[in-house]
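Written out below as structure tokens is the structure these notes cover.
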Amino acid sequence: MKKMLNFEFKKLIKAKYFYIIALISFAFVIISGLTSKAINDALVANGETVQPFSAYLFSKGALSGTYTLLVGIFVALFATEDYSNGTIKNIYAKGYSRTLVYFAKYVVSLLAVFVISLLTVLVAYAYSNSVWGNALAITDNVAMIIFGQLLGICAYHAIFFAISSIFGKVGSAIALNIIGPMAVSLVLGLGDAFIKSENVKLTSYWLDSLFSNFTSAVSDTKLLPVGIALFIVYTVAAIVVGLLINRKKEI
């Protein structure tokens, strides 16, 4: 396992797309901050009331929106790299099992996603703190918000990694990682429209809605524990499904 982890880490360090995706994530945060400031300044100039900002609130939402798409693209590139260049056959020929290879790639790519996530939040905080400060009172359970966001990223990563490993082709993996979560949200939305229940919303229990509750300015505290529990369920389910199918598929 140690040799495979070292092998995957060396590939990660040499991968240009890792740094490019990280820089794109930082750029999106800065652009979002500049846009928010410009809109707020324009509203204030017109004498309108604006929603107060703070470094905490801006940093809380740093991993929302397009960030999960960037995670899906990165995971697709990393997980399919050995399939695309044909080296996966050589790796298996050296006696490494499919399970070991799967988890080595999984662990390294997850750590890479954590690094990008942490740096993105730090960039968001540095920018927003310099612009708005952090004077607003924090009503969230910050520990729960951070823990939930970490588990949410784990769930997204596990699903993206399973999809990428199963299909093995970078184009298909990127397309499905981008379209997949949105397609599930759409199907569940149709289900909600069919059920027409005010108490039960299928979309509320899907990954996108659960994660947005941890990144939005105002979180529904009742759904935070539910989100944490379902993040764990989605992560474990994706790992098991991805591993089982990866064991049986032809190279």
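Throughout, numbering of the chain's residues begins at 1 and tracks the sequence. Since the model is a prediction, treat every value here as computed from it, not as a measurement.
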Under 4.5 Å between side-chain heavy atoms, hopping through other hydrophobics if needed: is there a path connecting Leu186 to Ile159? no

Using a 4.5 Å cut-off on heavy atoms from C-beta on, say whether the side chain of Ser59 contacts that of Ser128. yes

Rounded to the nearest 0.5 Å, what separation is found between the CD1 atom of Ile228 and the CE atom of Met144? 4.5 Å

Does atom CZ of Phe147 have more than 12 heavy-atom neighbours, drawn from other residues, nucleotides or ligands, at distances under 6.0 Å? no

Should Tyr67 and Ser25 count as side-chain neighbours, where that means a heavy-atom distance under 4.5 Å? yes

Is Arg247 reaching over with its side chain to a backbone N or O of Thr99, donor-acceptor style, under 3.5 angstrom? no

If every non-hydrogen atom of Thr215 is compared with every non-hydrogen atom of Gln149, which pair is closest and at what distance? CG2-NE2, 3.6 Å

Looking just at side-chain N and O atoms, do Tyr56 and Asn129 make a donor-acceptor pair shorter than 3.5 Å? no

Is the number of heavy atoms from other residues, nucleotides or ligands within 6.0 Å of NZ (Lys201) greater than 12? yes

At what distance, to the nearest 0.5 angstrom, does OH of Tyr83 lie from CD1 of Ile91? 9.0 Å

Does a side-chain heavy-atom distance below 4.5 Å link Phe160 with Leu176? no

Test of understanding: clusters of I, L, V, M, F, W, Y form through side-chain heavy atoms closer than 4.5 Å, transitively. Do Met1 and Ile88 belong to the same one? yes

Would Tyr17 and Glu81 count as having a side-chain donor-acceptor pair, cut-off 3.5 Å? yes

To the nearest 0.5 Å, how far apart are OH in Tyr102 and CD1 in Ile245? 9.0 Å

When clusters are formed by joining ILVMFWY residues with side-chain heavy atoms under 4.5 Å apart, either directly or through shared neighbours, do Ile179 and Val187 land in the same one? no

Assess the residue pair Phe114 and Cys154 against the criterion (side chain to side chain contact (heavy atoms under 4.5 Å, CB included)); give the C-alpha distance rounded to whole Å, side-chain angles, the decisive distance to 0.1 Å, and a yes or no. CA-CA 9 Å; Phe114 279 157; Cys154 285; 3.4 Å; yes

Salt-bridge present (Asp82, Lys89; N to O < 4.0 Å): no

Between the side chain of Trp132 and the main-chain N/O of Tyr127, is any donor-acceptor distance below 3.5 Å? no

Distance-only side-chain donor-acceptor flag, Thr203 / Ser209, under 3.5 Å: no

Does one hydrophobic cluster hold both Ile153 and Ile178, with members joined at side-chain heavy-atom distances below 4.5 Å? yes

All heavy atoms of Ala62 vs all of Thr120, minimum pair found to be O-CG2, 4.0 Å

Go through it in stages, so that I can follow the logic: the residues are Ile24 and Thr66, the test is side chain to side chain contact (heavy atoms under 4.5 Å, CB included), and I'd like the CA-CA distance, side-chain angles, deciding distance and then a yes or no. CA-CA 10 Å; Ile24 292 173; Thr66 56; over 6 Å; no

Do you know which two heavy atoms are closest between Ser32 and Phe58, and how far apart they sit? OG-CE1, 4.0 Å

Treating Tyr156 as the side-chain partner and Leu69 as the backbone partner, does any N or O pair qualify as donor plus acceptor under 3.5 Å? no

With rounding to the nearest 0.5 Å, note down the distance linking CG in Leu70 to CD1 in Ile21. 6.5 Å

What distance do Lys3 atom NZ and Leu100 atom CG have between them, rounded to the nearest 0.5 Å? 11.5 Å

How about Val226 and Leu230: do any of their side-chain heavy atoms sit closer than 4.5 Å? yes

Is any side-chain heavy atom of Lys11 closer than 4.5 Å to one of Lys105? yes

Using the ring of each side chain (for Trp, its six-membered ring), is Phe18 parallel, tilted or perpendicular to Phe74, with breaks at 30° and 60°? tilted

Please work out whether the ring planes of Tyr106 and Phe103 are parallel, tilted or perpendicular, with thresholds of 30° and 60°. perpendicular

Provide the closest heavy-atom pair for Ile232 versus Leu151 in the form atom of the first, atom of the second, distance. CG1-CD1, 4.1 Å

Cation over ring face, Lys60 and Phe214, 6.0 Å, 45°: no

Run the side chain to side chain contact (heavy atoms under 4.5 Å, CB included) check on Val108 and Leu5 step by step: do they pass? CA-CA 7 Å; Val108 172; Leu5 287 174; 4.0 Å; yes

Can you confirm whether Thr80 sits close enough to Phe167 that some side-chain heavy atom of one is under 4.5 Å from a side-chain heavy atom of the other? no

Using side chain to side chain contact (heavy atoms under 4.5 Å, CB included), reason through Ile73 and Phe78 one step at a time and then give a plain yes or no. CA-CA 9 Å; Ile73 293 171; Phe78 187 84; over 6 Å; no

Determine whether Leu77 and Val170 make a side-chain contact, defined as any pair of heavy atoms from C-beta on separated by less than 4.5 Å. yes

Are any non-hydrogen side-chain atoms of Phe211 and Ser64 less than 4.5 angstrom apart? no

Find out if a path of hydrophobic residues (ILVMFWY) with successive side-chain heavy-atom gaps under 4.5 Å connects Phe7 to Ile13. yes

Check: Asp140 side chain, Val142 main-chain N or O, donor-acceptor pair, under 3.5 Å: no

Where do Gly152 and Phe231 come nearest, in terms of heavy atoms and distance? N-CD1, 3.5 Å

Here the pair of heavy atoms bringing Ala79 nearest to Ser165 is CB-OG, 4.3 Å

Exam field: side chain Ser219 to backbone Asn213, donor-acceptor pair closer than 3.5 Å: yes

Measure the spacing between CG of Leu207 and OG of Ser185 and express it to the nearest 0.5 Å. 8.5 Å

